[in-house]
Amino acid sequence: MSDDKCLLVITVPPSLEDALSDWLISQEQPIGFSSTPVNGHGEGHEGYTLAEQVRGSRRNIQFQIQTTQVRAREMLAGMQHDFHHAELRYWIMPLLDGGRLSDL
């Protein structure tokens, strides 16, 4: 696998799950991705509902996209433009390997 490969992880509120899914699917270059519900924990609880404050976490949706570092930056720029008021968090991590076992 190329050294350029990375894993782009994006976390969004549940209200943005469909919009971000549609956005990813509509990109010029086909993007395969996974999404899963996650609980966000961390500093600062401003904007949390009372239930989230009691629980100590906020429910989010996390997207994982295997791509190249260049394409990850391009996607982030597009998301920044199209979702500029949204609460999106992201990570870009080097990807050592990945693929289908049947392709080995």
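Values below: every heavy atom of this structure, side chains too, minus hydrogens, waters and symmetry copies. This chain uses plain numbering: 1 for the first residue, then up along the sequence.
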Determine the minimum heavy-atom distance between L24 and M75, stating which atoms define it.
CD2-SD, 4.3 Å
Residues that, via side-chain heavy atoms closer than 4.5 angstrom, fall in one hydrophobic cluster with V70
none
Heavy-atom distance under 4.5 Å between the side chains of F63 and T11, does that happen here?
no
With sequence neighbours left out, the residues meeting side chain to side chain donor-acceptor pair (under 3.5 Å) with R89 are E87
Could you state the interatomic distance from CG (N60) to OG1 (T36), rounded to the nearest 0.5 Å?
11.5 Å
Roughly how far, to the nearest 0.5 Å, is the CG atom of L95 from the CG atom of L8?
11.5 Å
Derivation and outcome, side chain to side chain contact (heavy atoms under 4.5 Å, CB included), residues Q62 and V12:
CA-CA 6 Å; Q62 190 173 84; V12 301; over 6 Å; no
Where M93 and V9 come nearest, the two heavy atoms and their spacing
CE-CG2, 3.5 Å
Value for CE (M79) from CD1 (I10), rounded to nearest 0.5 Å, stands at 3.0 Å
Members besides L104 in its Ile/Leu/Val/Met/Phe/Trp/Tyr cluster (side-chain heavy atoms under 4.5 Å):
L101
Side-chain heavy atoms of K5 within contact of T67, under 4.5 Å:
no
Please tell me whether I25 and F83 are part of a single hydrophobic cluster in this structure, the criterion being side-chain heavy atoms less than 4.5 Å apart.
yes
Test side chain to side chain donor-acceptor pair (under 3.5 Å) applied to E74 - qualifying residues, sequence neighbours left out
R71
Closest heavy-atom pair, I61 versus P37, reported as atoms and distance to 0.1 Å, is CD1-CA, 4.0 Å
For H81 and G78, indicate whether the former's side chain and the latter's backbone hold a donor-acceptor pair under 3.5 Å.
no
Donor-acceptor pairs under 3.5 Å, side chain of residues 14-23 to any protein atom, not counting sequence neighbours: which ones?
| from | atom 1 | to | atom 2 | distance (Å) |
| --- | --- | --- | --- | --- |
| S21 | OG | E17 | O | 3.0 |
| W23 | NE1 | D82 | OD2 | 2.6 |

Y90: ring pair (Phe, Tyr, Trp, His ring centres under 6.0 Å) partners, not counting sequence neighbours:
none
